[in-house]
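Each remark here refers to the structure printed beneath this line.
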Amino acid sequence: MPEVANYHQELSNRISAIVEKLIKGNSLYQVKLNQQEMIEILVELFGQFSPEEMRDLTEHELTRRIDKILVLEAVSGTLNDLTPEQIKMYDEAVKRK
């Protein structure tokens, strides 16, 4: 059982460092995302992989995957933040394409 706790802590530390770095470097993330909430979500998500699978992921690959998830989280619901006028402009722009 201590192995599971150690792995969970290792995973949490690894993900926390990456999320902190990515959020510091991206103003959209800073505005749209809660860092601690994202860390918890990502630890749960990546915790579904085996320790071996996670340890085989390079820092670059894990950072790339986390960044893609953060982008999705940051932009999801963006249309809900628009005013009716902005939605109309968006709809017209999409129709032209």
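Everything numeric here is computed off the predicted structure, so don't read it as measured data.
Residues Ile69 and Phe49 fall within the same hydrophobic cluster, defined by Ile, Leu, Val, Met, Phe, Trp and Tyr side chains chained together at heavy-atom separations under 4.5 Å. Leu45 is connected to Ile15 through a chain of hydrophobic side-chain contacts under 4.5 Å among Ile, Leu, Val, Met, Phe, Trp and Tyr, so both are in one cluster. Hydrophobic clustering, with ILVMFWY side chains joined whenever heavy atoms are under 4.5 angstrom apart, groups Ile87 together with Val94.
Side-chain contact between Ile66 and Phe46: present, with at least one pair of heavy atoms (C-beta onward) separated by less than 4.5 Å. Using a 4.5 Å cut-off on side-chain heavy atoms (C-beta onward), Val43 and Arg14 make no contact. Looking only at side-chain heavy atoms (C-beta outward), Glu20 and Ile39 stay at 4.5 Å or farther from each other.
Atom CG of Leu28 sits about 7.0 Å away from atom CG of Leu33, to the nearest 0.5 Å. The structure places CG of Leu42 at 9.5 Å from CG of Leu11, a figure rounded to the nearest 0.5 Å. To the nearest 0.5 Å, atoms OH (Tyr7) and CE (Met54) are separated by 5.0 Å. Rounded to the nearest 0.5 Å, atoms NZ (Lys24) and CD (Gln30) are 10.0 Å apart. Here the CZ-NE2 distance, from Arg65 to His60, works out to 11.0 Å after rounding to the nearest 0.5 Å. Note that OG1 of Thr63 and NZ of Lys68 are 13.0 Å apart. Values are rounded to the nearest 0.5 Å.
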Check your understanding: Can you list the steps and then say if Glu59 with Ile18 is a side chain to side chain contact (heavy atoms under 4.5 Å, CB included)?
Key -> CA-CA 8 Å; Glu59 285 302 301; Ile18 292 170; 3.6 Å; yes
Practice item. For side chain to side chain contact (heavy atoms under 4.5 Å, CB included), just list the numbers for Glu73 and Lys32, CA-CA rounded to whole Å, side-chain angles, deciding distance to a tenth of an Å, and then say yes or no. Key: CA-CA 8 Å; Glu73 286 292 324; Lys32 292 285 192 174; over 6 Å; no
**Study point:** Evaluation steps, side-chain hydrogen bond (donor to acceptor under 3.5 Å, both in side chains), between Gln9 and Asn13
**Key:** CA-CA 6 Å; Gln9 188 60 48; Asn13 291 343; 2.8 Å; yes
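A donor-acceptor pair under 3.5 Å is absent between the side-chain atoms of Tyr29 and the main chain of Asn34, judged by distance alone. No donor-acceptor pair closer than 3.5 Å links the side chain of Glu40 to the backbone N or O of Glu37.
Listed here is the closest heavy atom pair of Glu53 and Ser50: OE1-N, 2.9 Å.
Comment: Arg64 engages Glu61 in a salt bridge, judged by a side-chain N to carboxylate O separation of less than 4.0 angstrom.
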